[in-house]
Amino acid sequence: MIDFHCHLDLYPNARDVVREAVARECYILAVTTTPLAWEGTRRLIGDAPRIRLAAGLHPELVRERHREVERLCALVPRTRYVGEVGLDGSPPHRASMPDQRRVLSRVLRACEDAGGRVLSLHSRGAANGVLDGLEEHPKAGIPVLHWFSGSHADLRRAIAMGAWFSVGPAMLRGERGQGLARLMPRDRVLPETDGPFTRSGECPMMPWESAGVEQTLADLWKSPAADVARSLAGNLRCLVGLANRMQVL
Ligand code: MN
């Protein structure tokens with residue numbers, strides 16, 4: 001089981017979730033929404049196997065917290081994974097777009113300075129802006145576009161730029177998300193949940209519930225589910241292998 005974009009620290013019972021994820025041998029990328037959350041989440045994860053921690057500053061929080069960008073940049077040399085970062089162009093966040101662009105560009109520059117990072121990127125309503133940022137910082141590392149919802153033209157552009165994608169049950173519930181996933185390169189896709197912000201029924205979605213993605217992708221890609229599961233596991237090995245070659249302090 002793989003959840004490559006999960007807000008582990010934001011579950012009400014976070015310690016229990018970590019314990020159960022370890023018991024279920026779940027591979028998790030724990031993204032954070034502010035640089036201040038990094039230290040606490042690091043303690044939460046402790047030495048749990050198969051869980052990696054990313055340092056982030058969520059675009060929805062940039063309006064209030066853009067001053068924290070330097071704190072995030074100070075963490076970048078210490079971690080191979082950066083996220084959640086990106087842009088949000090939806091109506092409630094459009095006003096902070098100039099700050100969001102400045103923050104993203106600063107973070108991408110910090111990633112370049114560090115020699116490249118794996119980035120979990122938010123791009124709702126702003127796929128083009130995120131891709132512009134990546135184009136301006138080609139050595140920022142390996143972008144993983146989380147819950148991608150751009151146009152098919154944006155998707156083609158992202159693929160041509162070498163981007164990866166993390167897709168979850170919530171994204172794949174809709175026809176639009178399915179249409180995008182159908183066109184994604186199979187060797188650059190990973191499962192995610194975006195929990196606890198996504199729900200399954202009444203409860204926040206748990207990291208291991210990303211397993212549902214396998215069957216949906218199998219249907220979309222017209223491949224046996226076992227083959228898809230094998231590809232996703234291979235994709236994770238590949239990406240973690242690339243990350244492990246990145247220099248950290
Ligand atoms: Mn998220």
Side-chain angles (χ1 to χ4, degrees), residues 3-14 17 28-45 51-114 117-134 136-137 140-141 143-150 166 168 170-171 192-199 204-205 207:
D3 183 356
F4 207 73
H5 182 107
C6 178
H7 298 269
L8 261 188
D9 58 323
L10 300 182
Y11 286 89
N13 50 341
V17 178
I28 298 176
L29 180 66
V31 295
T32 48
T33 54
T34 80
L36 293 170
W38 193 73
E39 197 53 54
T41 310
R42 198 158 77 120
R43 278 198 299 274
L44 169 72
I45 294 170
I51 302 181
R52 298 290 181 271
L53 172 62
L57 178 53
H58 199 293
E60 290 177 12
L61 302 180
V62 160
R63 187 170 65 101
E64 307 286 337
R65 293 178 173 264
H66 57 93
R67 287 173 203 87
E68 293 175 29
V69 66
E70 290 307 321
R71 277 178 191 272
L72 173 57
C73 291
L75 292 175
V76 169
R78 300 170 59 192
T79 175
R80 296 186 163 95
Y81 299 91
V82 171
E84 177 165 4
V85 294
L87 300 175
D88 192 304
S90 65
H93 303 289
R94 224 169 267 163
S96 66
M97 192 49 82
D99 279 338
Q100 291 187 48
R101 282 187 204 281
R102 198 160 52 241
V103 165
L104 178 62
S105 159
R106 176 69 188 94
V107 174
L108 292 172
R109 186 154 57 80
C111 292
E112 285 191 315
D113 292 344
R117 293 294 181 247
V118 173
L119 290 135
S120 187
L121 289 157
H122 176 110
S123 60
R124 178 170 55 207
N128 249 310
V130 170
L131 298 176
D132 288 346
L134 291 169
E136 284 157 26
H137 300 276
V144 183
L145 294 164
H146 124 79
W147 198 330
F148 187 77
S149 58
S166 57
M171 168 185 169
E192 67 162 40
T193 63
D194 202 14
F197 293 122
T198 51
R199 309 193 77 75
M205 194 170 282

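- Annotation: the span from L61 atom CG to E84 atom CD amounts to 9.0 Å, rounded to 0.5 Å.
- Contact record, D3 with C6: OD2-CB, 3.2 Å, taken as the closest heavy-atom pair.
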Candidate pair R52 and R80, rule side chain to side chain contact (heavy atoms under 4.5 Å, CB included), full reasoning
CA-CA 9 Å; R52 298 290 181 271; R80 296 186 163 95; over 6 Å; no

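- Taken to the nearest 0.5 Å, the CG atom of L8 stands 4.5 Å off from the CD1 atom of I28.
- The structure places CD of E60 at 9.5 Å from OG of S96, a figure rounded to the nearest 0.5 Å.
- One finds the CZ atom of R42 at 9.0 Å from the CG atom of L75 (value rounded to the nearest 0.5 Å).
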One pair to check against side chain to side chain contact (heavy atoms under 4.5 Å, CB included): R65 and T34. What are the steps and the verdict?
CA-CA 8 Å; R65 293 178 173 264; T34 80; 3.8 Å; yes

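- The line from NE2 of H5 to CD of E192 is 6.0 Å long, rounded to the nearest 0.5 Å.
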Under the salt bridge (Lys or Arg N to Asp or Glu O under 4.0 Å) rule, what do E70 and R106 come out as? Steps first, then yes or no, please.
CA-CA 8 Å; E70 290 307 321; R106 176 69 188 94; 2.8 Å; yes

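- The minimum heavy-atom distance linking L29 with A54 is given by the pair CD1-CB, 4.1 Å.
- V85 places a side-chain heavy atom less than 4.5 Å from the side chain of L72.
- In this structure the side chain of V82 never reaches within 4.5 angstrom of the side chain of S120, judged on heavy atoms.
- Here the closest heavy-atom approach between residue C111 and residue A140 is recorded as CB-O, 3.3 Å.
- No side-chain heavy atom of R63 sits less than 4.5 Å from a side-chain heavy atom of D99.
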Apply salt bridge (Lys or Arg N to Asp or Glu O under 4.0 Å) to R109 and E112, showing your working.
CA-CA 5 Å; R109 186 154 57 80; E112 285 191 315; over 6 Å; no

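- Contact check for R124 versus W147: no side-chain heavy atoms found under the 4.5 Å cut-off.
- For the atom pair NE2 of H137 and CG of L108, the computed distance is 5.5 Å after rounding to the nearest 0.5 Å.
- Between the side chain of D88 and the backbone N or O of P59 there is no donor-acceptor pair closer than 3.5 Å.
- Side-chain atoms of W38 and D9, non-hydrogen and from C-beta on, never get closer than 4.5 Å to each other.
- Side-chain contact between H146 and D194 is present, with at least one heavy-atom pair separated by less than 4.5 Å.
- Formation of a donor-acceptor pair under 3.5 Å by the T32 side chain with backbone atoms of G56 is found in this model.
- Considering only heavy atoms from C-beta on, S123 stays 4.5 Å or farther from L121 through its side chain.
- Judged by distance alone, the side chain of R94 and the main-chain N or O of G89 form a donor-acceptor pair under 3.5 Å.
- The two atoms that bring L104 and V130 nearest to each other are CD2-CA, 4.3 Å, heavy atoms only.
- Of all heavy-atom pairs between L134 and P143, the closest is CD1-CB, 3.7 Å.
- Residue Y11 comes nearest to P207 through the heavy atom pair OH-CD, 3.6 Å, listed as atom of the first residue, atom of the second, then distance.
- The ring pair (Phe, Tyr, Trp, His ring centres under 6.0 Å) pairs that include a residue from residues 58-91 are H58-H122, where partners are two or more places apart or lie in different chains.
- For the pair T79 (side chain) and V76 (backbone), a donor-acceptor distance under 3.5 Å is absent.
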Derivation and outcome, side chain to side chain contact (heavy atoms under 4.5 Å, CB included), residues V103 and L87:
CA-CA 9 Å; V103 165; L87 300 175; over 6 Å; no

